[in-house]
Peer 1: 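Have a look at this one.
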Amino acid sequence: MLIDSHVNLHHHAFAEDREAVISRARAAGVRRMITICDKIENFGQVIAIANAHDDIYASVGAHPHYAKDHLDLTAEQLIELGRHPKVVGVGETGLDQHYKFSPFEDQVAVFRAHAAAAHALDKTLIIHTREADEAMAELLEEEAGKGPLRILMHCYTSGGELARRALKIGAYFSFSGIMTFRNATDVRDVAREVPLDRVIVETDCPYLAPVPHRGQRCEPMHVTEVQRAFCALRGLSEEEGAALLADNFFRLFPTITRPRA
């Protein structure tokens, strides 16, 4: 079984052939996908894609790049949208100090609304974090201290110390095609150390196509190469890796139905 835990199927890169992209993923063995909301204004399109396909689920949220445009977003609004049965996660949300498209304080404020919604809904909080390790660790520890919270560190590229602190509060980690990039030594180092019961994989398509597709549009079917790379990194057979990663995914997203064999 293959699962792509983070796709952006509403992206304009898929506007002309979205259904063909989905069909190619299924033909490659991808049995479940989560399509991610980047802006609240796009939620209608995101949830429509999920509603149209039994094997696709969705999140609700606003990427930290767009935090400045979501300062009026409340936990109550996220909760209302997040009650939809195909919504399985809140986010992606978090901190990004690389591009700094939104002021840091705006990112924090919008993150707090997402975290409150994840607590209230008992749905997984999907985290984007880049070059903000200490602040991200502190925010996650604070939120985890308020009660049970499932956390996914999506497309993880941050450091070992944040990983260790996130692991202590029960976080899971998702690795993408970046693992296959020649210079991504630090990402592979963390991927080697994360406990095997805390890992899932993703493409983050249309971004980050893995080798040998780097430079092309990424598609959900390319999770094949991501999963293969992770299995090789950890010394797992493809069968062992598929079973392990699927078990982790369905534990992290418990409302998603497991396909029949």
Peer 1: Could you tell me if the ring centre of Tyr207 sits under 6.0 Å from that of His11?
Peer 2: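 Between His11 and Tyr207, which both carry aromatic rings, the centre distance is below 6.0 Å.
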Peer 1: Determine whether Thr129 and Leu162 satisfy the following criterion, side-chain contact (heavy atoms from CB on, under 4.5 Å), listing intermediate values before the conclusion.
Peer 2: CA-CA 10 Å; Thr129 182; Leu162 173 58; 4.0 Å; yes
Peer 1: Please tell me whether Val194 and Tyr156 are part of a single hydrophobic cluster in this structure, the criterion being side-chain heavy atoms less than 4.5 Å apart.
Peer 2: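 Yes, it is one cluster - the side chains of Val194 and Tyr156 are joined through contacts under 4.5 Å.
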Peer 1: Under 4.5 Å between side-chain heavy atoms, counting indirect links through other Ile/Leu/Val/Met/Phe/Trp/Tyr residues: same cluster for Val201 and Val187 or not?
Peer 2: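 Yes, one cluster joins them.
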Peer 1: I'd like to check the side chain to side chain donor-acceptor pair (under 3.5 Å) partners of Ser23; sequence neighbours left out, ordered by chain and number.
Peer 2: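 With sequence neighbours excluded, Ser23 shows a side chain to side chain donor-acceptor pair (under 3.5 Å) to no residue whatsoever.
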Peer 1: Where the side chain of Glu238 meets the backbone of Cys231, is there a donor-acceptor pair that is under 3.5 Å apart?
Peer 2: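 Absent.
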Peer 1: Counting only heavy atoms not in Lys68, do more than 12 fall under 6.0 Å of its NZ?
Peer 2: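 Atom NZ in Lys68 is packed in, count exceeds 12.
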Peer 1: Walk me through whether Arg112 and Glu142 qualify under salt bridge (charged side-chain N to carboxylate O under 4.0 Å, His left out).
Peer 2: CA-CA 10 Å; Arg112 291 189 187 281; Glu142 178 185 335; 2.8 Å; yes
Peer 1: When you compare the side chains of Glu92 and His6, does any donor N or O come within less than 3.5 Å of an acceptor on the partner?
Peer 2: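 Note: Glu92 and His6 side chains meet the donor-acceptor criterion.
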Peer 1: Could you tell me whether the side chain of Asp38 and the main chain of Ala62 form a donor-acceptor pair under 3.5 Å?
Peer 2: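 It does not hold such a pair.
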Peer 1: Have Arg26 and His53 got a donor and an acceptor in their side chains that come within less than 3.5 Å?
Peer 2: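 There is such a pair (donor and acceptor under 3.5 Å, judged by atom type) between the side chains of Arg26 and His53.
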Peer 1: Quick check: does any side chain N or O of His63 sit under 3.5 Å from a backbone N or O of Cys37, one acting as donor and the other as acceptor?
Peer 2: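 Not confirmed, His63 side chain does not pair with Cys37 backbone.
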Peer 1: Taking Asp186 for the side chain and Ser158 for the main chain, is one N or O donor matched with an acceptor at less than 3.5 Å?
Peer 2: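 No, the answer is negative, given that no donor and acceptor are paired below the 3.5 Å cut-off.
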Peer 1: Are the side chains of Leu78 and Ile40 in touch, meaning some heavy atoms are under 4.5 Å apart?
Peer 2: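 Of all side-chain heavy-atom pairs linking Ile40 with Leu78, at least one is under 4.5 Å.
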Peer 1: Regarding Ser176 and Asp204, is there a side-chain donor-to-acceptor distance under 3.5 Å anywhere?
Peer 2: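 No - no donor-acceptor pair under 3.5 Å links their side chains.
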Peer 1: Could you check whether Arg150 pairs with Asp122 (Lys NZ or Arg NE/NH1/NH2 to Asp/Glu carboxylate O, under 4.0 Å)?
Peer 2: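 Between Asp122 and Arg150 there is a salt bridge, with a charged N closer than 4.0 Å to a carboxylate O.
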Peer 1: Under 3.5 Å, is there a donor-acceptor pair between the side chain of Lys39 and the main chain of Tyr66?
Peer 2: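 Flag not set: sc Lys39 to bb Tyr66 has no pair under 3.5 Å.
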Peer 1: Show which residues join Phe249 in its hydrophobic cluster (side-chain heavy-atom contacts under 4.5 Å, direct or indirect), or state none.
Peer 2: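 Its cluster mates, by chain and number, are Met1, Ile3, Ile34, Ile36, Tyr57, Val88, Ile126, Leu152, Tyr172, Ile200, Phe250, Leu252, Phe253, Ile256.
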Peer 1: Indicate the ring-plane relationship of Phe230 and Phe175, choosing parallel, tilted or perpendicular according to the 30° and 60° boundaries.
Peer 2: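 Ring orientation, 0 to 90° scale: parallel.
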Peer 1: Apply side-chain contact (heavy atoms from CB on, under 4.5 Å) to the pair Glu202 and Val226, showing each step before the final yes or no.
Peer 2: CA-CA 7 Å; Glu202 64 171 275; Val226 179; over 6 Å; no
Peer 1: Does any part of the side chain of Gln77, heavy atoms only, come nearer than 4.5 Å to the side chain of Leu81, both counted from C-beta?
Peer 2: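 In short, these two side chains do not touch, never coming nearer than 4.5 Å.
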Peer 1: May I ask you to check whether His84 and Asn51 show a side-chain donor-acceptor distance below 3.5 Å?
Peer 2: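 Yes, because at least one side-chain N or O of His84 sits under 3.5 Å from a partner of the opposite role on Asn51.
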Peer 1: Are a donor atom and an acceptor atom from the side chains of His10 and Gln45 found within less than 3.5 Å of each other?
Peer 2: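 On atom types as modelled, these side chains do not qualify, holding no pair under 3.5 Å.
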Peer 1: Whether Asp54 and Lys86 form a salt bridge (side-chain N of Lys/Arg under 4.0 Å from carboxylate O of Asp/Glu) is what I want to check.
Peer 2: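 A salt bridge is absent here (no side-chain N lies under 4.0 Å from a carboxylate O).
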Peer 1: If you apply the rule side-chain contact (heavy atoms from CB on, under 4.5 Å), what do you find for His154 with Phe173, and how did you get there?
Peer 2: CA-CA 6 Å; His154 129 77; Phe173 293 76; over 6 Å; no
Peer 1: Between Glu134 and Arg165 (salt bridge meaning N to carboxylate O under 4.0 Å), is one present in this structure?
Peer 2: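 Answer for the salt bridge query: yes.
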Peer 1: Just by modelled atom types, is the Leu140 backbone N or O under 3.5 Å from a matching donor or acceptor in the Glu143 side chain?
Peer 2: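 No, because the side chain of Glu143 does not come within donor-acceptor range (under 3.5 Å) of the backbone of Leu140.
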Peer 1: Looking at His65, is its backbone amide N or carbonyl O close enough to the side chain of Ser102 to form a donor-acceptor pair, meaning the two atoms are under 3.5 Å apart?
Peer 2: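 It does hold such a pair.
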Peer 1: State whether the side chain of Arg234 and the backbone N or O of Gly241 hold a donor-acceptor pair below 3.5 Å, judged by distance alone.
Peer 2: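 Flag not set: sc Arg234 to bb Gly241 has no pair under 3.5 Å.
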Peer 1: Are any side-chain N or O atoms of Thr35 and backbone N or O atoms of Leu9, one a donor and one an acceptor, separated by less than 3.5 Å?
Peer 2: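 Confirmed, Thr35 side chain pairs with Leu9 backbone.
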Peer 1: Apply side-chain contact (heavy atoms from CB on, under 4.5 Å) to Val30 and Val223, showing your working.
Peer 2: CA-CA 8 Å; Val30 180; Val223 78; 3.7 Å; yes
